[in-house]
Q: 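The structure follows.
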Amino acid sequence: METFPKIISVDDHTVEPPHVWQDRLPSKYRDIGPRIVRAPLKEMTFLGGKFAPVMGARGDDGPIGDWWVYEDLHRPLTRLDTAVGYDRDEIKLEVITYEQMRPGSFSVPDRLADMDVNHVQSALCFPTFPRFCGQTFTEAKDRELGLLGVRAYNDWMVEEWCGPDARGRLIPLTLVPLWDARLAAAEVRRNAARGVRAVAFSEIPPHLGLPSIHTDEWDPFLQACDETGTVIAMHIGSSSRMPSTSADAPPAVGSTITFANCCFSMVDWLMSGKFERFPNLKIMYAEGQIGWIPYILERADVVWEENRGWGGVADKVLRPPSELFAGHVFGCFFDDAFGLKNLDSIGVGNVLYETDYPHSDSTWPKSREVGEAQMGHLAPDVVDRIVRGNAIDLLGLTPDGLWPGPGPAA
């Protein structure tokens with residue numbers, strides 16, 4: 001392409017600096033709230049979609065890494081959290097320290113520099129330690145501390161990660177206390193009042209022991225998102241269960257079928273009736289790719305047309321699922337030539353671009369080259385919509401693709 005639009009990535013990641021919660025929690029919680037401890041690794045496996053690290057004691061043999069410690073949780077930083085800049089064959093499941101990761105993973109100035117290298121103007125970032133929708137705080141024992149942890153993360157995200165030093169180039173994505181839909185609604189409104197237009201949520205809440213979206217339990221949260229124009233962003237793995245086939249399947253199996261959770265989740269939403277009840281609601285699937293979408297829409301329409309009478313949706317899903325998709329759902333991709341060849345069956349307005357920095361799947365520093373190769377058959381105006389225009393509209397960015405900045409604190 002003669003020119004390629006500046007990228008707005010709707011799925012990157014931040015590795016939280018050690019001070020996020022230590023600086024923001026009340027003093028009585030600092031010894032049990034999230035904190036970094038440097039310790040050896042005793043053992044670590046990742047099989048059947050389950051990540052199982054065990055922290056050793058001081059003085060034990062084993063590679064040294066930085067670990068997040070929170071109540072009974074011990075979670076190490078790993079090379080998979082921040083793999084950019086390393087040869088693909090050198091990326092292994094191993095513990096690391098902050099000094100061993102690319103500074104752009106946790107430092108705003110370094111992140112902006114790495115975005116410049118990659119032809120990226122703006123980026124929306126998912127968390128690392130809280131996990132992709134804040135499951136870490138949902139699973140904690142102390143609910144008061146968990147709520148404070150969620151709010152502290154959101155304050156850091158808005159005020160520091162996306163603060164003045166970011167110059168509008170980092171777009172805030174906040175968390176909610178998933179264990180209470182009314183508290184979640186209040187947190188959506190608190191952050192919407194300061195300019196936040198995206199909130200993380202679980203792709204399949206029952207996998208977290210939470211109600212499904214087929215119940216009314218989530219309605220206060222959904223109402224808040226509907227009223228504030230807050231997009232519900234669901235990342236693969238935000239159900240704490242990556243798709244796999246068996247307990248001993250190697251990670252490559254799950255990595256190939258990561259889209260499956262998005263697939264199941266999208267059908268849930270399309271058959272839930274929520275888009276009829278909350279007409280302004282928008283959802284997006286981060287890192288789910290898009291090539292699978294056309295068939296699912298085709299099949300969902302057939303089921304709705306032929307089987308809705310006995311399928312339990314006739315009284316709540318009043319339009320074909322493909323129509324609901326067009327008005328409410330966005331697929332996100334970073335490397336999907338097949339999906340782009342079938343763009344007409346998905347919808348130009350329903351596709352967003354991403355770079356997945358700094359994860360091992362990331363196309364950094366060649367996201368532009370990947371986009372040029374895969375979008376070369378598309379008209380320039382279509383490319384512009386995919387690479388930045390749709391994100392500008394969905395996330396309430398300025399015409400130049402920047403986050404307008406926070407409103408008054410609530």
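Atom set for the values below is all heavy atoms of this structure, side chains included, hydrogens, waters and symmetry mates excluded.
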Q: Would you say the side-chain atoms of Glu354 pair up with the backbone N or O of Ala286, donor to acceptor, closer than 3.5 Å?
A: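 No: the side chain of Glu354 does not pair with the backbone of Ala286.
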
Q: Between Leu324 and Val329, is any pair of side-chain heavy atoms under 4.5 Å apart?
A: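 They are not in side-chain contact.
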
Q: Using atom types as modelled and distance alone, determine if a side-chain donor or acceptor of Trp304 lies under 3.5 Å from a backbone N or O of Val317.
A: yes

Q: Flag the pair Arg102 and Asp114 as a salt bridge only when some basic side-chain nitrogen lies within less than 4.0 angstrom of an acidic carboxylate oxygen.
A: yes

Q: Is there a side-chain contact (heavy atoms from CB on, under 4.5 Å) between Phe129 and Val15 once you walk through the steps?
A: CA-CA 7 Å; Phe129 167 71; Val15 177; over 6 Å; no

Q: What heavy-atom pair brings Val303 and Met271 nearest, and what distance separates the two atoms?
A: CG1-CE, 4.4 Å

Q: Within the side chain of Asp226, is there an N or O that forms a donor-acceptor pair under 3.5 Å with the backbone of Asn280?
A: yes

Q: I want to check something: taking the side chain as every heavy atom from C-beta on, are Asp61 and Lys42 in contact at a cut-off of under 4.5 Å?
A: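 In short, these two side chains do not touch, never coming nearer than 4.5 Å.
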
Q: Got a salt bridge between Arg190 and Asp155, using NZ or NE/NH1/NH2 to carboxylate O under 4.0 Å?
A: yes

Q: Looking at CD1 of Ile386 and SG of Cys332, how far apart are the two atoms once the value is rounded to the nearest 0.5 Å?
A: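 So the CD1 of Ile386 and the SG of Cys332 are separated by 12.0 Å.
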
Q: Do Phe338 and Ile290 have side chains that get closer than 4.5 Å, going by heavy atoms?
A: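 The answer is no; the side chains never approach within 4.5 Å.
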
Q: For the backbone of Val120 and the side chain of Asn118, can you confirm whether one donor and one acceptor N or O come within less than 3.5 Å of each other?
A: no

Q: Between Glu372 and His119, is any pair of side-chain heavy atoms under 4.5 Å apart?
A: no

Q: Between CZ of Arg182 and CD of Glu217, what distance do you get to the nearest 0.5 Å?
A: 8.0 Å

Q: What is the distance from atom CZ of Arg194 to atom OG1 of Thr174, rounded to the nearest 0.5 Å?
A: 8.0 Å

Q: Salt bridge between Arg241 and Glu203, side-chain N to carboxylate O under 4.0 Å?
A: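 So Arg241 does not pair with Glu203 through a salt bridge.
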
Q: Indicate yes or no: does Glu139 engage Arg131 in a salt bridge with an N to O separation below 4.0 Å.
A: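 Between Arg131 and Glu139 there is a salt bridge, with a charged N closer than 4.0 Å to a carboxylate O.
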
Q: Does the plane of the ring in Trp21 sit parallel, tilted or perpendicular to the ring in Tyr153? Use 30° and 60° as the thresholds.
A: parallel

Q: Mark yes or no for whether Thr363, through its side chain, and Lys366, through its backbone, hold a donor-acceptor pair below 3.5 Å.
A: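 Side chain of Thr363 to backbone of Lys366: no pair is present.
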
Q: Which pair of non-hydrogen atoms, one from Ser265 and one from Ile204, has the smallest distance, and what is that distance?
A: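 Taking every non-hydrogen atom into account, CB-CG1, 4.4 Å.
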
Q: Could you go step by step and tell me if Asp23 and Arg30 meet the salt bridge (Lys or Arg N to Asp or Glu O under 4.0 Å) rule?
A: CA-CA 9 Å; Asp23 285 358; Arg30 287 178 191 155; over 6 Å; no

Q: Output, in order, the C-alpha distance, side-chain angles, deciding distance and verdict of side-chain hydrogen bond (donor to acceptor under 3.5 Å, both in side chains) for Ser9 and Asp12.
A: CA-CA 7 Å; Ser9 174; Asp12 286 356; 2.7 Å; yes

Q: Could you tell me whether Lys6 and Asp384 have a side-chain N and a carboxylate O separated by less than 4.0 Å?
A: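 Judged by the 4.0 Å cut-off on N to carboxylate O distance, Lys6 and Asp384 do not form a salt bridge.
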
Q: Per the side-chain contact (heavy atoms from CB on, under 4.5 Å) rule, which among Val10, Ile8, Leu402 passes with Ile171?
A: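 The option that passes is Ile8.
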
Q: Check step by step if salt bridge (Lys or Arg N to Asp or Glu O under 4.0 Å) holds for Arg388 and Asp400.
A: CA-CA 10 Å; Arg388 57 185 291 108; Asp400 294 330; over 6 Å; no

Q: Return yes if some donor-acceptor pair links the side-chain N/O of Asn261 with the main-chain N/O of Ile236 below 3.5 Å, else return no.
A: no

Q: Using the side chain to side chain contact (heavy atoms under 4.5 Å, CB included) criterion, which residues pair with Asp356? Sequence neighbours excluded.
A: Asp11, His13, Glu287, Phe334, His359, Asp361, Ser362

Q: Measuring centre to centre across the rings, with the benzene-like ring taken for any Trp, is Phe137 within less than 6.0 Å of Trp179?
A: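 Between Phe137 and Trp179, the centre distance exceeds or equals 6.0 Å.
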
Q: Does any pair with a residue in residues 334-350 pass side-chain hydrogen bond (donor to acceptor under 3.5 Å, both in side chains), and if so which ones, sequence neighbours excluded?
A: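 Every side-chain hydrogen bond (donor to acceptor under 3.5 Å, both in side chains) pair that includes a residue of residues 334-350, provided the two are not neighbours, is Asp335-Gln374.
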
Q: Quick test of your reading of the model: are Arg24 and Glu160 salt-bridged, counting only N-O distances below 4.0 Å?
A: yes

Q: I'd like to know whether NZ of Lys316 has more than 12 heavy-atom contacts from other residues, nucleotides or ligands below 6.0 angstrom.
A: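 Yes - once you tally the heavy atoms of other residues, nucleotides and ligands closer than 6.0 Å, there are more than 12.
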
Q: Does a side-chain N-to-carboxylate-O contact under 4.0 Å join Asp219 and Arg277?
A: yes

Q: Can you establish whether the number of heavy atoms outside Arg143 located under 6.0 Å from its atom CZ is more than 12?
A: yes

Q: So which heavy atom on Leu41 is nearest to which on Val54, and how close?
A: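 Shortest heavy-atom contact: CD1-O, 3.6 Å.
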
Q: Under a 4.5 Å cut-off applied to non-hydrogen side-chain atoms, are Phe333 and Leu352 in contact?
A: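 The answer is no; the side chains never approach within 4.5 Å.
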
Q: Any donor-acceptor pair under 3.5 Å linking the side chain of Thr230 with the backbone of Cys225?
A: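 Here the side-chain-to-backbone pair does not exist.
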
Q: Working to the nearest 0.5 angstrom, can you tell me the gap between Leu178 CG and Thr138 OG1?
A: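 These two atoms lie 4.0 Å from each other.
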
Q: Tell me, with the steps shown, if Ser322 and Asp301 meet side-chain hydrogen bond (donor to acceptor under 3.5 Å, both in side chains).
A: CA-CA 6 Å; Ser322 61; Asp301 278 358; 2.6 Å; yes

Q: State, with a plain yes or no, whether a side-chain heavy atom of Val37 is found less than 4.5 Å away from one of Trp68.
A: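 Side chain of Val37 against side chain of Trp68, heavy atoms only: no contact under 4.5 Å found.
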
Q: For the backbone of Leu297 and the side chain of Arg299, can you confirm whether one donor and one acceptor N or O come within less than 3.5 Å of each other?
A: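 Not at all, since once roles are kept as given, no pair shorter than 3.5 Å links the two residues.
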
Q: How far does CD1 of Ile36 sit from CD of Gln22, to the nearest 0.5 angstrom?
A: 9.5 Å

Q: Take a 6.0 Å sphere around CZ of Phe264 and say whether it holds more than 12 heavy atoms from other residues, nucleotides or ligands.
A: no

Q: Ignoring hydrogens and angles, tell me if any N or O in the side chain of Trp161 forms a donor-acceptor pair with the backbone of Leu170 under 3.5 Å.
A: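 No: the side chain of Trp161 does not pair with the backbone of Leu170.
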
Q: With under 30° as parallel and over 60° as perpendicular, where do the rings of Tyr285 and Trp292 fit, or are they tilted in between?
A: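 The rings of Tyr285 and Trp292 stand perpendicular, inter-plane angle above 60°.
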
Q: Rounded to the nearest 0.5 Å, what separates atom CD in Gln100 from atom OG in Ser105?
A: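 Answer for the CD-OG pair, Gln100 versus Ser105, is 12.0 Å.
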
Q: Compare all side-chain heavy atoms of Ile32 with those of Lys141 and state whether any distance is below 4.5 angstrom.
A: no

Q: Taking all non-hydrogen atoms of both residues, which atom of Ile293 and which atom of Ile346 are closest, and how far apart?
A: CG2-CG2, 4.3 Å

Q: With no hydrogens and no angle check, is any side-chain donor or acceptor of Lys28 less than 3.5 Å from a backbone partner on Leu25?
A: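 Checking the backbone N and O of Leu25 against the side chain of Lys28, no donor-acceptor pair under 3.5 Å is found.
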
Q: My understanding is that only one of Leu343, Val382, Leu340 makes a side-chain contact (heavy atoms from CB on, under 4.5 Å) with His377; could you say which?
A: Leu340

Q: Could you go step by step and tell me if Arg79 and Tyr86 meet the side-chain hydrogen bond (donor to acceptor under 3.5 Å, both in side chains) rule?
A: CA-CA 9 Å; Arg79 177 55 63 210; Tyr86 286 77; 3.2 Å; yes

Q: Are side-chain heavy atoms of Pro109 and Arg111 found at a separation under 4.5 Å?
A: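 A side-chain contact is absent here, since even the closest heavy-atom pair is not under 4.5 Å.
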
Q: Thr355 vs Ser367, test: side-chain hydrogen bond (donor to acceptor under 3.5 Å, both in side chains). Steps then yes/no.
A: CA-CA 6 Å; Thr355 77; Ser367 301; 4.6 Å; no

Q: Would Arg151 and Glu187 pass as an ion pair if we require N to O under 4.0 Å?
A: yes

Q: At their closest point, which heavy atom of Ser238 faces which heavy atom of Phe132, and how far apart are they?
A: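 Where Ser238 meets Phe132 most closely, the heavy atoms are CB-CB, 4.0 Å.
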
